[in-house]
Every structure is written in structure tokens, then in C-alpha cells.
**Q** 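Supplied in C-alpha cells, the structure appears directly below.
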Amino acid sequence: MFSEGDTGSFLSSRVRDIRPSGIRAFFDLNVAGGDTIALGVGEPDFVTPERVREACIQALREGQTKYTSNAGLMELREELSAYFASSFALPYDPEQEIIVTVGSSEAVDLALRAVINPGDEVLIPAPSYIAYEPITHLHGGKIVEVVTTVEEQFKLTPQALQASITPHSKALMINYPCNPTGTVMTEQDWLPIVELIIKHNLVVISDEVYAELTYGRKHVSIASLPGMKERTIVIGGFSKAFAMTGWRVGYTCGPRELIAGMLKIHQYTAMCAPTIAQIAALESLRHGLAAKNEMMASYNERRKLFVAGLNAIGLACHEPEGAFYAFPSIASTGMSSEQFALRLLEEVKVAVVPGHVFGSGGEGFIRCSYATSLVDLEKVLERMGRFMQVMQPV
């Protein structure tokens, strides 16, 4: 008979090696009620627009509760195809080049599983979203972090990429607009990167879940540049810009051979994304763009107030041009990012994410989501200002 502690021996070594989510672990441990203001989890404070919710309710009344095609509702794939062509100059065949997934998270998993062989190196600009490294590890890939710096506004540079490429490099995993830094890449930023990608025959997995959340400039997908569509898997979703986190609807677009491979995995694991959630996503694309734009305008107002406030209280913060995160430096305090985050929570009831959980280059920073009300952001700035007044600079 096995005791409870013995059953852990059944776990695969790859699963045992994975650390729990640095974001979730921090908040599960430390955030509990009271008047704490949490700027941690990347979730809009808006509810899904009423028209979208009503479309779901009507679908339930009509009994639309069966499986869809593995690839998703054809109407949704057609709408996504039209949306990508008009918004990002990227035409995709809805029949063979698009899959509707269970959130963008599943799409990331599918893409990495579809392209990685054991030992292949996956280049990941860092700081980066925390899921890329463990998923790569689960599928036998080797993670190579390409460090970005605040001096370069956390942009991926050709120099840093070139220095990281080896004969074993297989894929480049990118996320722009970036979580956690809010960095955006322009066409001019991408062009020298594209040269290296083609020269070294890399496949690109581009997580563009924040594509609709850019400020002062339009999102440029790397897949839209010459020679890139045929080697890029684009990933997106409805969670962030459309305030649909709990619906779990994402999508992936790419070359039909790669999409076919991802579909084989998808049909054996998820089968299909939830039907009523797909119907809600379809309604968002058809009739929810105005609501999306209103939410975007609100995020922009919050961004300006919060970033200016951080700089005013002594937390130097580069201007994020996308997503809804600020990534200020806490170097002036002499504390590690985890020490700072814990003390901030304990002493003034503000919860942020320590930057070290986002990989190389993240230490010395904290991530703050400004997807919360202006009232709460003003309270946060007041509390953080008081906190900074008692800090002794080194």
C-alpha cells in the first residue's frame, strides 16, 4: 500500500521540475480580504458587455449546447479571417488556417507541442509571460532567454537575438505588446529581427493577445512582414481587449501545415472550445467593437495617470505602449523585487507582482496592472507614495 506521500513518485520528472506560477503563488499566499488593492492578475475590471452576454443566454435558450467542429464554429472563423485582414493586413483561410482554442493559453501549448522536438531550443525574450518557460520544458524543449533591457524599452534587439542563436535554435516565442513590460514593437523594430529569423530558419510563435491594446500607434504583427506569414503561428484571444477572461476563447492562425498539426493535438485534448463561449466571441466581433474601443480609451486614461504617478513618487517607469501593465524599477530602494512586493502588501495593502517571476531582466522591477478603476489607482499611488517616503535609498 502506498501512503499519500508515496504517490508523488508517479509524477513525471518534467512535472516535478516545474515551479508553481509565481503570480498565483504570491497572491494565494498573501492577498486576503481587508482593504488590499490588488494590481496583480492581468484581468480587466470590466464585465463582458451586455449584448455579448445576452447572445450567450439566447443560445442556451435555443439549446445550442452540442460540439462544434474541432476547429471551431465556421462563422467565428470566417469573422476572425475578416477581422485579421482588415485590422492587421493578414488574410487567413478560415477553413484551413484558423483554430478556435480554449483561451490563448491552449493555443500557446498547441503551438509549442506542434513544433518542438526534444532538445530543440526555444528563444524567449525576457522578461516574459511566465507560462512560456514551463510549457516549453514540459514538451522537452530547452529554454534560451534573450534578455531585454529597460534602456532599450525592453524591445527585442537584433544584437541580443543574434547572440542567443545556436545550431539547435528551433523557435522564437514572442509576446508583443508585452506582458509584463507593456512594450510594443514597430515595423522598423521588426525588420532586422526578420532578417535573422529567415537567415537562421526559425519558426515564430507570436502571442498577440494584447494586439488590440496599443496606445498612440497601431499593432504590427510580425507575420505581416515579407517572408514571415509562412513561418509564423499567430495567437490571439478575447480575454483581454474584449473583457472575456472567464469565457476561455482564443484562436490561432498560421500556415495550414502547422495549423493541421496543432488541430490533431487539439482534437485529442480539448475537442473544441465551449460552444456558447464561441457564440459570445462571435457576437463580440460582430457587435462588440464599440465597447472594446470604450474600454481601450479608459485603459489609456488610467495608463497616463498611473505611470506619471509612479515616476512622481520615485519609481522610475518607462512608458508602456501596449497591454495594461506598468513595470516600474524599484532599484532605488535597495530591496529585491520580492522583498519590495511583500513589504508593500504588509505595510500599505497594495499587491503587485515581483519582477523576478518573469525571468531574466525582471529582478529590480515590479508588475502593476492598471486594469482597475481610477479611484483605486489614485489610492494606490497615495499608499505607494507613503511607502516610498520611509524607504532609504542606497
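A quick note: this is a predicted structure, and the numbers were derived from the prediction, not measured.
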**Q** Could you tell me whether the side chain of E152 reaches within less than 4.5 Å of the side chain of Q159, counting heavy atoms only?
**A** no
**Q** Would you give the length of the straight line joining atom CG of L156 to atom CD1 of I124, rounded to the nearest 0.5 angstrom?
**A** 12.0 Å
**Q** Are Y176 and W190 an aromatic pair by the rule of ring centers under 6.0 Å?
**A** yes
**Q** Which heavy atom of P177 sits nearest a heavy atom of A323, and at what distance?
**A** CB-N, 3.8 Å
**Q** Tell me whether I205 is reachable from I99 by hopping between hydrophobic residues (I, L, V, M, F, W, Y) whose side-chain heavy atoms are closer than 4.5 Å.
**A** yes
**Q** Which heavy atom in A243 sits nearest to a heavy atom in V47, and how many Å separate them?
**A** CB-O, 4.1 Å
**Q** I'd like to know whether the aromatic ring centres of F46 and Y299 sit less than 6.0 Å apart in this structure.
**A** yes
**Q** Given side chains that start at C-beta, do those of S128 and M173 come closer than 4.5 Å, heavy atoms only?
**A** no
**Q** Contact between Y215 and M296 at the side-chain level, heavy atoms closer than 4.5 Å - yes or no?
**A** yes
**Q** Once you round to the nearest 0.5 Å, how far does CD1 of I165 lie from NE2 of H200?
**A** 4.0 Å
**Q** Taking the side chain from D120 and the backbone from N117, do they hold a donor-acceptor pair closer than 3.5 Å?
**A** yes
**Q** Do F154 and F365 have ring centroids that are under 6.0 Å from one another?
**A** yes
**Q** Is there a donor-acceptor pair under 3.5 Å between the side chain of N311 and the backbone N or O of C317?
**A** yes
**Q** Given side chains that start at C-beta, do those of Y129 and V108 come closer than 4.5 Å, heavy atoms only?
**A** no
**Q** Indicate, with yes or no, if I222 and V122 share a hydrophobic cluster defined by side-chain heavy-atom contacts under 4.5 Å among Ile, Leu, Val, Met, Phe, Trp and Tyr.
**A** no
**Q** According to a 4.5 Å side-chain heavy-atom criterion applied to Ile, Leu, Val, Met, Phe, Trp and Tyr, with indirect links allowed, do M244 and L76 form part of one hydrophobic cluster?
**A** yes
**Q** How close do V352 and C368 get, heavy atom to heavy atom, and via which atoms?
**A** CG1-SG, 3.7 Å
**Q** Please evaluate residues Y370 and L310 with respect to the criterion side-chain contact (heavy atoms from CB on, under 4.5 Å), reporting the C-alpha separation (whole Å), side-chain torsions for both, the decisive distance (0.1 Å), and the verdict.
**A** CA-CA 12 Å; Y370 51 82; L310 289 171; over 6 Å; no
**Q** Hey, what's the ring geometry for Y251 with F84, parallel, tilted or perpendicular (30° and 60° as the breaks)?
**A** perpendicular
**Q** When you measure from the side chain of K218 to the backbone of S87, do you find a donor-acceptor pair of N or O atoms at a distance under 3.5 Å?
**A** yes
**Q** Heavy atoms only: give me the nearest K240-P44 pair and the separation to one decimal.
**A** O-CG, 3.3 Å
**Q** Checking R367 against F358: charged group under 6.0 Å from the ring centre and within 45 degrees of the axis?
**A** no
**Q** Please give me the minimum heavy-atom distance between T157 and I193, naming the atom from each residue.
**A** C-CD1, 3.6 Å
**Q** Please determine whether residues M185 and L213 belong to a single hydrophobic cluster, defined as Ile, Leu, Val, Met, Phe, Trp and Tyr linked transitively by side-chain heavy-atom distances below 4.5 Å.
**A** no
**Q** Got M262 and I233 here, is their nearest side-chain heavy-atom distance under 4.5 Å?
**A** yes
**Q** L73, V100: one ILVMFWY side-chain cluster at the under-4.5 Å cut-off?
**A** yes
**Q** Begin with the C-alpha distance, continue with both residues' side-chain angles, and end with the deciding distance and a verdict on side-chain contact (heavy atoms from CB on, under 4.5 Å) for E121 and S164.
**A** CA-CA 10 Å; E121 292 178 352; S164 303; over 6 Å; no
**Q** Can F242 and M295 be said to form a side-chain contact (heavy atoms from CB on, under 4.5 Å), step by step?
**A** CA-CA 8 Å; F242 293 90; M295 289 186 279; 5.5 Å; no
**Q** Among E347, Q339, E346, whose side-chain hydrogen bond (donor to acceptor under 3.5 Å, both in side chains) with R343 holds?
**A** E347
**Q** Looking at every non-hydrogen atom in both residues, tell me the closest pair between A59 and I279 and how far apart they are.
**A** CB-CD1, 3.5 Å
**Q** Can you confirm whether L172 sits close enough to P125 that some side-chain heavy atom of one is under 4.5 Å from a side-chain heavy atom of the other?
**A** yes
**Q** Could you tell me whether a side-chain N or O of E363 sits under 3.5 Å from a main-chain N or O of S337, the two making a donor and an acceptor?
**A** yes
**Q** Can a donor-acceptor pair be found, under 3.5 Å and without considering hydrogens, that links the side chain of H318 to the backbone of T183?
**A** no
**Q** At what distance, to the nearest 0.5 angstrom, does CE of M271 lie from NE2 of H266?
**A** 9.0 Å
**Q** Other residues, nucleotides and ligands only: do more than 12 of their heavy atoms fall within 6.0 Å of NZ on K349?
**A** no
**Q** Can any side-chain N or O of R231 pair as donor or acceptor with the backbone N or O of L202 at less than 3.5 Å?
**A** yes
**Q** Less than 3.5 Å apart, any donor N or O on the side chain of S284 or R51 sitting next to an acceptor on the other?
**A** no
**Q** Looking at CD1 of I98 and CD1 of I259, how far apart are the two atoms once the value is rounded to the nearest 0.5 Å?
**A** 8.5 Å
**Q** Check this for me, if you would: do K292 and E212 make a salt bridge, where the nitrogen-to-carboxylate-oxygen distance has to be below 4.0 angstrom?
**A** no
**Q** So, S369 side chain and Y325 main chain: donor-acceptor pair closer than 3.5 Å or not?
**A** no
**Q** Taking E338 for its side chain and H356 for its backbone only, find out whether a donor-acceptor pair lies under 3.5 Å.
**A** no
**Q** Give, for atom CD1 of I313 and atom CG of L381, the distance between the pair rounded to the nearest 0.5 Å.
**A** 5.5 Å
**Q** Sub-3.5 Å donor-acceptor pair from the side chain of T232 to the main-chain atoms of V204, do we have one?
**A** no
**Q** Should the pair R53-E283 be classified as a salt bridge under the 4.0 Å nitrogen-to-oxygen rule?
**A** no
**Q** Return yes when atom CD of Q267 has more than 12 non-hydrogen atoms of other residues, nucleotides or ligands closer than 6.0 Å, and no otherwise.
**A** yes
**Q** Nearest 0.5 Å please: distance from the CD1 atom of I276 over to the CD atom of E62.
**A** 12.5 Å
**Q** The test is side-chain contact (heavy atoms from CB on, under 4.5 Å); show your working for K155 and C178 and say whether it passes.
**A** CA-CA 9 Å; K155 294 189 177 191; C178 179; over 6 Å; no
**Q** Could you tell me if the side chain of F238 sits less than 4.5 Å from the side chain of V52, heavy atoms only?
**A** no
**Q** Pair Q188, T186 - check side chain to side chain donor-acceptor pair (under 3.5 Å), show working.
**A** CA-CA 5 Å; Q188 291 306 308; T186 67; over 6 Å; no
**Q** Give the intermediate values and the outcome of side chain to side chain donor-acceptor pair (under 3.5 Å) for residues S81 and R77.
**A** CA-CA 6 Å; S81 176; R77 284 182 278 149; over 6 Å; no
**Q** Is there a side-chain contact between T372 and V380 in this structure, where contact means two heavy atoms from C-beta onward sitting under 4.5 Å apart?
**A** no
